[in-house]
Amino acid sequence: MRVMADAPAPAPATLSSTAGTPVPAVELIDITKVFPGVIANDHISLSVLPGEVLCLLGENGAGKSTLMSILSGLYRPDEGRIRVDGSDVRIDSPRRGRDLGIGMVHQHLSLIPTLTVLENLMLGSNKGIILDEKTARTRIADLASTLGITVDADARAGSLALGQQQHVEIIKALWKGSKVLILDEPTSMLTPQGIAELQKVLVELKTSGLAIIFITHKLHEAIAIGDRVTILKQGRVVGTIGPEILRSSTPQQLQRRIVATMFGEEADEVADVAELREDLEGHRVRRTMSETPLLELVGVSAPGHHGQYGVSDVSLAVRGGEILGIAGVDGNGQRALAEVIAGQRRPSAGDIRLAAASIVKLTVSSRQRLGLRYVTDDRLGEGVVRPFAVGMNLVLKRIGDKPFWRRGTIDRVAINATARELIAQFDIRTPSSETRIGKLSGGNIQKALLARELSFQPRVVVFSKPTHGLDVRTIAMVRERIRELAGRGVATVVISTDLDELIDLSDRVAVLFEGKIAGIVDNGPGAETRIGELIVGAQAA
Amino acid sequence: MTAPATTQTAVLAEPTAPGRLASIADSLIRSIGPIILAFLACGLILLVLGRDPIAFYEDIVTAGLLRPSGLQDSITRMAPILLIGVGLIVVFRATLWNLGSEGQYLLAAAMVAGLGPIVLDTVPAPLGWVVLMLVAMAVGAGWTLIPALLKAIYGMNEIITTLMMTFIGVGLANLFVKGPFKGTSMVPQTAVIPKGMMLLDLPVTRVHVGVIIALVVVVIVHLALTRTSFGTRLDVLGANPRAAVHLGINVPRLIVLAFVISGALIGLAAAVDILGIFGYMRADWNPAYGLKVIPLVFLARLNALALIPFAAFFSVVSIGGEYAARQAGLPSDFLLLVVGLILIFMVATQYFSDKRARGERIVPRRRKASA
Ligand SMILES: Nc1ncnc2c1ncn2[C@@H]1O[C@H](COP(=O)(O)OP(=O)(O)OP(=O)(O)O)[C@@H](O)[C@H]1O
Ligand SMILES: [Mg+2]
């Protein structure tokens with residue numbers, strides 16, 4: 001009905017199609033979008049039926065987010081048409097998109113940090129000036145319970161862990177009763193349980209007639225959730241797997257098929273991806289570890305910020321060459337733990353030691369100089385400086401150091417040379433080293449972040465969700481690098497909500513629950529179940 | 001929004017030649033466009049007031065640019081504007097708002113005017129100038145210290161604290177001029193520096209060397225901001241303060257340093273004015289540069305070199321404008337109207353071109369009635 005207001009005369013083609021096949025909820029026809037130096041979308045056509053989940057897959061920078069931003073009204077296409085319920089529409093603003101019933105959860109979260117969850121949600125609704133708080137609260141509670149999550153309506157959005165913010169974003173997209181729901185990598189920060197919950201919700205939503213477009217890099221998710229899978233590569237559709245094949249093939253067959261389409265000739269490199277392997281255990285290599293711990297936390301406590309969990313009385317020891325995983329639902333003190341090690345947050349008690357020497361009083365930069373690195377999970381919030389060039393961002397932790405600054409003056413040639421090397425080494429897809437980093441795709445920003453930290457001789461590295469937002473091939477590459485790093489004797493801490501990742505990488509896994517270490521599990525047969533129990537807070541036996 | 005956007009242009013260097021040309025053209029339009037619009041709007045106001053806009057603008061150009069004496073005055077006027085301008089650019093690039101330039105300027109001016117006659121009487125003039133300039137810089141810098149430390153340590157809003165320090169600074173400057181620094185005359189003003197001990201004029205002009213000092217300082221500040229690690233750190237802090245912490249930048253120290261440099265440059269402006277033009281300070285005197293320089297700094301998009309043409313333009317308009325306003329029988333405050341209009345049009349131009357860059361319509365679509 002809302003659509004009619006904008007496009008009064010339905011095209012005859014629509015009438016004929018109603019007779020045969022159902023009318024797609026949305027149809028993108030020949031969409032092209034060009035950015036300086038890249039064709040992000042190159043004549044892409046796809047459609048989604050009501051009651052259907054379409055999964056969009058594709059390597060980092062393939063053009064998924066751009067295409068969805070066009071559909072939701074954030075970008076305007078250079079060419080092509082969009083039809084909603086069979087009529088041509090012009091979606092020239094996000095508001096127009098919302099009015100047409102298109103809800104989107106963006107890859108990078110967009111809540112207003114200073115407002116509460118309630119205020120954020122009520123903002124999005126833009127129905128009338130007087131906002132009905134009570135109705136809103138009920139609606140939050142309803143949506144949260146359907147989603148099987150808990151949301152504090154009065155918490156300031158900025159104080160929530162990223163995983164929790166993602167929950168709020170999903171509620172926000174559903175808030176207005178969408179017809180089409182776009183989820184751009186909604187699971188990148190959820191635990192396996194969270195993903196299972198979300199999956200149930202999606203099934204419910206689609207039975208109620210919603211059309212869902214789901215972007216993910218996790219093949220098993222696409223196979224489990226999608227009714228159809230469309231694969232993009234370099235801005236084009238390179239393959240679609242229909243419902244029949246999805247239903248009749250085994251997950252292994254499908255995964256191989258998807259990977260082959262996504263990467264073509266290079267698919268072999270990916271054969272090693274954890275997802276594609278049946279036995280994870282067999283892959284783990286024994287590394288030689290140092291006798292004494294390289295990084296040590298002794299009874300460390302630190303306050304949480306804005307009602308988030310801090311850490312209390314955490315003691316950990318990581319040996320050189322060891323990979324210690326930190327599991328837990330996002331928001332259980334992970335950020336505090338990482339920041340306390342990196343020096344960004346002052347502990348209220350306890351000691352932190354690097355190679356037996358206390359570093360607890362040192363500043364962030366002195367710790368960096370000792371070889372301590374922290375790969376933050378908040379890549380846009382604090383990881384990169386968006387208006388700066390990719391090249392500059394790659395050396396930002398070495399401001400003033402040789403060879404990038406000589407006798408106090410910047411040497412752009414040296415910066416660009418190093419940048420080009422790292423760009424090639426980490427396969428960062430960017431038009432040039434001078435492109436602003438904010439213009440890269442999410443996964444490519446993540447690659448840049450990793451490139452910055454993994455170069456320049458680290459001794460201890462704390463990774464927070466190192467592979468979130470990366471495509472399968474890059475995940476394989478990054479995990480290999482983390483292993484290599486440990487192989488060179490680096491003490492490595494990997495904080496992740498992705499249990500598979502931790503099982504794949506870690507020697508031991510510590511579980512954070514409400515700011516405390518709930519238990520430490522040696523990785524090996526049965527570890528997964530044990531960790532799973534600890535994550536949800538079952539008593540350590 | 002304006003400030004971060006400006007830092008962005010500093011790093012925007014798309015590699016392709018047509019891209020660079022387009023971006024230069026774009027920033028020209030964005031900078032000059034508002035000025036033209038402001039003059040058009042002002043012309044309309046003049047018409048409404050029953051004045052002849054053409055004659056008014058002619059007067060400005062004649063008195064501020066074409067007459068040799070006017071031209072020299074215009075050039076001289078550039079010195080304090082440039083120095084205060086770069087002083088503001090240093091902090092604004094880090095999105096730190098030093099809005100207390102008036103307090104810093106007047107307090108430094110009072111010190112120079114009060115101590116000037118004594119210092120220049122005891123040491124040779126060139127040495128005296130250097131000493132007095134250093135004193136002015138120290139006073140200007142010192143006056144930013146309290147807001148800077150409060151911001152650095154407690155994160156206290158520097159907009160409020162610098163404004164409050166201005167009230168105190170202005171009051172204190174007047175107290176000095178009326179009290180300890182009062183000269184022998186009846187009027188509440190300092191003793192006058194003898195003509196022969198003022199800053200030298202450039203050969204065959206009435207333009208003092210302070211202008212050269214200012215230009216050199218502008219170039220130095222520009223290099224410091226664009227080439228050194230200090231400049232990079234300021235830009236990081238300005239564009240993403242949380243990233244600054246994550247990257248290991250000593251943020252409190254950087255904040256204090258930026259404020260101190262800012263205050264010192266503003267103090268230097270005061271020294272140059274007193275030693276180059278005025279030679280003394282009267283109580284309750286206040287050229288109120290702060291308000292006028294802030295828009296210029298944004299027009300120049302926080303680029304120190306780009307400030308030079310805007311400062312020149314503004315000097316001509318203000319020197320010529322004083323004359324033109326007198327001729328037209330308007331108060332000299334009329335010029336503030338022009339500046340205000342330029343600022344408004346600048347903000348509008350920026351807003352609409354951003355909007356167009358995002359591919360949105362400039363004119364909002366009329367929302368059709370729908371259920
Ligand atoms: N605003 C922009 N300006 C310039 N280039 C852009 C912009 N947004 C995206 N691009 C470019 O378009 C291409 C596609 O980006 P997009 O974000 O759509 O990729 P994606 O498939 O979502 O990747 P990822 O899996 O990493 O999120 C990339 O090369 C990116 O650099
Ligand atoms: Mg994306």
Side-chain angles (χ1 to χ4, degrees), chain A residues 1-6 36-37 70 73-78 90 92-96 99 339 342-344 363-369 374 376 378 380-389 392-393 395-401 404-405 408-412 431-436 438 452, chain B residues 3-16 18-20 22-23 93 95 223-254 355-371:
Chain A
M1 184 179 60
R2 288 196 211 100
V3 183
M4 289 306 161
D6 197 56
I70 288 172
L74 199 63
Y75 292 154
R76 297 266 294 280
D78 297 329
R90 274 167 65 93
D92 47 18
S93 69
R95 165 174 300 187
R96 179 89 191 106
D99 288 348
E339 289 190 352
Q344 291 176 220
T363 60
V364 175
S365 64
S366 325
R367 293 185 204 202
Q368 283 169 4
R369 244 169 274 129
Y374 166 37
T376 174
D378 194 359
L380 291 187
E382 64 176 13
V384 301
V385 181
R386 270 200 264 187
F388 282 20
M392 185 57 120
N393 267 286
V395 300
L396 272 185
K397 284 209 175 164
R398 315 205 41 199
I399 300 178
D401 294 356
F404 310 119
W405 276 263
T409 38
I410 194 164
D411 184 346
R412 292 188 200 278
S432 87
S433 64
E434 291 175 38
T435 306
R436 294 191 205 178
R452 180 173 75 201
Chain B
T6 323
T7 353
Q8 286 170 17
T9 32
V11 244
L12 175 130
E14 296 296 345
T16 51
R20 182 172 296 160
S23 86
R93 276 179 91 112
T95 43
L223 291 178
L225 290 178
T226 53
R227 298 281 168 83
T228 67
S229 52
F230 170 69
T232 308
R233 290 196 180 96
L234 278 184
D235 284 347
V236 170
L237 184 61
N240 186 346
R242 286 187 51 216
V245 173
H246 175 74
L247 295 170
I249 292 173
N250 187 337
V251 175
R253 204 180 70 187
L254 188 62
K355 204 165 163 153
R356 220 191 40 205
R358 284 199 306 268
E360 287 174 31
R361 308 164 64 94
I362 290 185
V363 184
R365 162 197 294 271
R366 282 252 301 284
R367 306 200 63 200
K368 291 177 188 155
S370 67

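Sequence lines set the chain letters: A, B, ... in the order given, protein chains first and strands last, and positions in each chain run from 1.
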Counting only non-hydrogen atoms closer than 4.5 Å, does [X] touch chain B with its backbone (N, CA, C, O), its side chain (CB onward), both, or neither?
X: A:Asp378; value: side chain
X: A:Arg367; value: neither
X: A:Tyr374; value: both

If you round to the nearest 0.5 Å, how far is [atom2] of [Y] from [atom1] of [X]?
X: A:Asp411; Y: A:Phe404; atom1: CG; atom2: CZ; value: 9.0 Å
X: A:Ser365; Y: A:Asp401; atom1: OG; atom2: CG; value: 9.5 Å
X: A:Ile399; Y: B:Arg233; atom1: CD1; atom2: CZ; value: 5.5 Å

query: Taking B:Asn250, B:Asn240, B:Leu247 one by one, which has the highest count of heavy-atom pairs under 4.5 Å against chain A?
result: B:Leu247
message: I'd like to know if A:Arg76 pairs up with A:Asp92 as an ion pair, taking the criterion as any Lys NZ or Arg NE/NH1/NH2 lying under 4.0 Å from an Asp or Glu carboxylate oxygen.
response: no
field: Interchain contact, B:Leu223 with chain A, by part (heavy-atom threshold 4.5 Å)
entry: neither
query: Taking atom types as modelled and ignoring hydrogens, do the side chains of A:Thr363 and A:Ser366 form a donor-acceptor contact shorter than 3.5 angstrom?
result: yes
